[in-house]
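Input: a single structure, listed below in structure tokens.
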Amino acid sequence: MRFAPSPTGMFHVGGARSALFNWALALQQADGRFVLRIEDTDAARNRPEWTEGIIRALAWLGISADDPHFEGPYFQSAYAGKHRETAERLYKDGRAYYCDCTREQVQERRGNPHLGYDGFCRDRGLEPGPGRALRFRVPEGGPTVVDDRIRGRVEFEHSAIEDFVIARADGSPLFVLANVVDDVEMGVNTVVRGEEHLSNAPKQQLLWEALGRPAPVWAHLPVIVNEKRQKLSKRRDKVALESYQDEGFLAEAMVNYLMLLGWGPGEDREIMPFADMVPLFRLEDVNSSSAFFDEKKLRAFNGEYIRALDTDAFVERCRPWLTGESAPWPAANYDESALRAVAPLAQSRVAVLGEIVPNVDFLFLDEPAEDDRSWAKAMKPDTAVPMLEAALERLADPSLAWAAEPVKAEVEAAGAALGLKLGKAQAPVRVAVTGRTVGLPLFESLEVLGRERTLRRLEAALARLRAEATGAPDSAEG
RNA sequence: GCCCCCAUCGUCUAGUGGCCUAGGACGCCGCCCUUUCAAGGCGGUAACGCCGGUUCGAAUCCGGUUGGGGGUACCA
């Protein structure tokens with residue numbers, strides 16, 4: 001097994017799925033190896049942080065460098081000598097030849113920019129030299145048959161494969177060559193990669209044969225597409241694994257979802273830990289049609305995984321959003337015991353961990369969050385003012401035990417006196433205290449918030465309501 | 001253009017000639033529960049691209065067609 005990404009951008013979900021499939025296969029055998037090779041030969045487009053990102057992302061998915069099945073990372077750039085050596089050998093064996101044609105010359109001869117190389121230098125016997133690239137001599141007749149574990153036999157007529165370049169004029173190897181040379185060196189026997197590489201397979205198989213090695217087992221995975229059914233692109237689609245991680249997707253959920261893109265454990269099962277999938281995974285069972293990356297379903301999976309956590313684990317995993325830089329409240333305001341008190345209530349309400357923030361911010365913010373739409377919806381002066389006044393009066397009673405049930409009873413009673421059912425009566429109170437019409441169960445929230453802060457917020461809301469009523473009516477909002 | 005891949009509900013898929021009046025999941029809709037919102041429960045919506053074959057019988061096999069997609073670099 002091997003996974004050979006190129007560090008030319010943020011690590012994305014397609015690469016993650018390929019890595020996972022490779023990983024599952026490697027784990028199936030005691031001596032299975034998952035070789036991570038960073039293909040960094042395109043110096044202009046590589047950056048060290050991308051490489052670090054790949055390793056970090058793999059670790060997040062559970063593909064850990066600490067595992068004995070993991071090997072690497074190797075860096076392709078370190079094997080340049082071997083690449084050149086192999087290119088030279090291919091030339092000496094007559095399997096490749098030098099060519100000094102420019103792209104313009106080829107096009108001029110063929111008259112069509114889409115037609116490939118015409119073999120002009122095939123028999124010119126050019127020696128190595130400046131301006132001369134090395135081309136592989138594709139055999140004259142017959143096809144190369146790629147035996148793909150997912151797609152079956154795929155035939156490529158040699159007449160349709162041009163004599164492709166394997167080394168640039170400066171001697172540096174191209175992907176097709178470097179990739180094969182490294183795989184040969186590293187003893188890779190199974191290549192599982194995206195469908196976009198299918199057209200490289202016959203060329204690489206020819207190279208393996210030219211080097212006197214049996215070609216590896218090939219498996220070309222269906223591409224992952226966007227809603228327009230185009231291959232996911234780093235430019236236009238949200239594909240970075242890191243962005244999902246930042247939003248609060250659980251690695252377990254991401255892994256589970258990704259494994260289901262093109263494959264399934266069978267028996268109508270979907271939610272399943274990776275470890276249980278490993279023994280069940282078979283390349284032969286992988287689908288060959290492209291799959292849409294459905295974030296809605298990913299979210300549903302994530303919700304399932306979040307709800308399956310126990311409270312401690314849930315709190316633990318929410319911590320980065322609660323105590324990190326992004327938290328909207330002053331760090332000193334954070335109170336873990338308050339959080340723990342409402343955590344079970346929040347757990348079934350968040351689909352991604354990041355959503356914990358708007359659910360609990362009323363506990364840690366000095367003022368409730370400002371949400372104009374909520375205010376406009378719940379704070380209709382004719383009902384909100386009397387309701388808040390009544391609630392305030394009842395809740396201010398020092399003999400009232402400050403707990404969810406008694407508080408609920410008071411608010412309910414205050415509403416009843418005004419002819420409001422609890423559903424209506426609680427709305428202004430909720431907005432006054434939390435800033436929003438939706439959120440955690442209100443009375444449990446008030447219990448945790450405490451009497452003082454609750455009363456203060458009710459007063460503040462009432463004051464604002466009165467100010468708006470007596471203020472400039474022409475500027476009132478609908 | 002050329003080469004190659006693909007084709008079941010909106011989406012991910014089950015299905016490998018009769019078990020299919022096509023199953024599951026996400027989504028969507030409705031109902032129940034309910035202090036909001038979720039979660040949960042119950043129910044519903046919705047698909048074999050098309051045309052020919054083969055066969056007693058086709059979502060399943062074959063051919064064609066249409067439609068998607070990938071590749072077509074001295075990128076990876």
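Chain identifiers are assigned alphabetically (A, B, ...) following the order of the sequence lines, protein sequences preceding nucleic acid strands; residue numbering begins at 1 within each chain.
- Judged purely by distance below 3.5 Å, without hydrogens or angles, the side chains of A/Gln205 and A/Trp218 pair a donor atom with an acceptor atom.
- Mapped onto RNA chain B by nearest heavy atom, A/Arg269 and A/Arg151 fall at different nucleotides, with A/Arg151 at the one closer to the 5' end.
- Atom-to-atom, CD of A/Gln204 to C1' of B/G71 comes out at 13 Å; the value is rounded to the nearest Å.
- Counting heavy atoms from C-beta outward, A/Ile356 and A/Phe314 have side chains that approach closer than 4.5 Å.
- The CG-P distance, from A/Asn226 to B/G69, rounds to 10 Å in whole Å.
- Residue A/Thr8 places no side-chain atom within donor-acceptor reach of the base of B/A76, judged by atom type and a 3.5 Å distance cut-off alone.
- Between the CD atom of A/Glu162 and the P atom of B/U72 there is a distance of 10 Å, rounded to whole Å.
- Sequence order on RNA chain B of the closest nucleotides to A/Pro173 and A/Leu260 puts A/Leu260 first from the 5' end.
- Between A/Tyr97 atom OH and B/C74 atom P there is a gap of 12 Å when expressed in whole angstrom units.
- Whole-Å rounding puts the A/Asp163 CG to B/C74 P distance at 12 Å.
- The base of B/A76 sits within donor-acceptor range of the side chain of A/Asn200, with an N or O pair under 3.5 Å.
- For the OP1/OP2 pair of B/C12 and a distance below 4.0 Å, the side-chain nitrogens and oxygens of A/Arg17 include no atom meeting the criterion.
- In this structure, A/Asn287 does not reach the B/A7 phosphate: none of its side-chain N or O atoms is under 4.0 Å from OP1 or OP2.
- Side chains of A/Cys121 and A/Arg135 form no contact here, defined as non-hydrogen atoms less than 4.5 Å apart.
- A side-chain donor-acceptor contact under 3.5 Å links A/Ser172 and A/Arg168.
- With a cut-off of 3.5 Å on both Watson-Crick or G-U wobble distances, the partner of B/A46 is given as none.
- Of the side-chain N and O atoms in A/Arg168, none sit less than 4.0 angstrom from OP1 or OP2 of B/A73.
- Proximity of A/Lys297 to the phosphate of B/U13: no side-chain N or O atom is located under 4.0 Å from OP1 or OP2.
- Side-chain N/O atoms of A/Arg299 include none lying less than 4.0 angstrom from OP1 or OP2 on B/C12.
- Between A/Asp371 and A/Lys377, none of the side-chain N atoms (NZ, or NE/NH1/NH2) sits under 4.0 Å from a carboxylate O, so this pair counts as no salt bridge.
- Distance A/Glu157 CD to B/C5 P: 12 Å, rounded to the nearest Å.
- Distance CG (A/Asn256) to C1' (B/U13): 14 Å, rounded to an integer number of Å.
- Taking side-chain N and O atoms only, A/Lys296 has no distance below 4.0 Å to OP1 or OP2 of B/G27.
- Side-chain to base pairing of A/Glu267 with B/G24: no donor and acceptor N or O lie closer than 3.5 Å to each other.
- In this structure, A/Phe249 and A/Tyr244 have perpendicular ring planes: the angle between them is above 60°, well past the 30° mark.
- With both ends at atom C1', the span from B/G41 to B/A47 equals 27 Å, rounded to whole Å.
- Summarising the geometry, the separation between NZ on A/Lys231 and C1' on B/C4 is reported as 14 Å, rounded to the nearest angstrom.
- Here the nucleotide nearest the side chain of A/Arg135, chosen from B/G24, B/C3, B/C74, is B/C74.
- Note on A/Arg229: every side-chain N or O is 4.0 Å or more away from OP1 and OP2 of B/G70.
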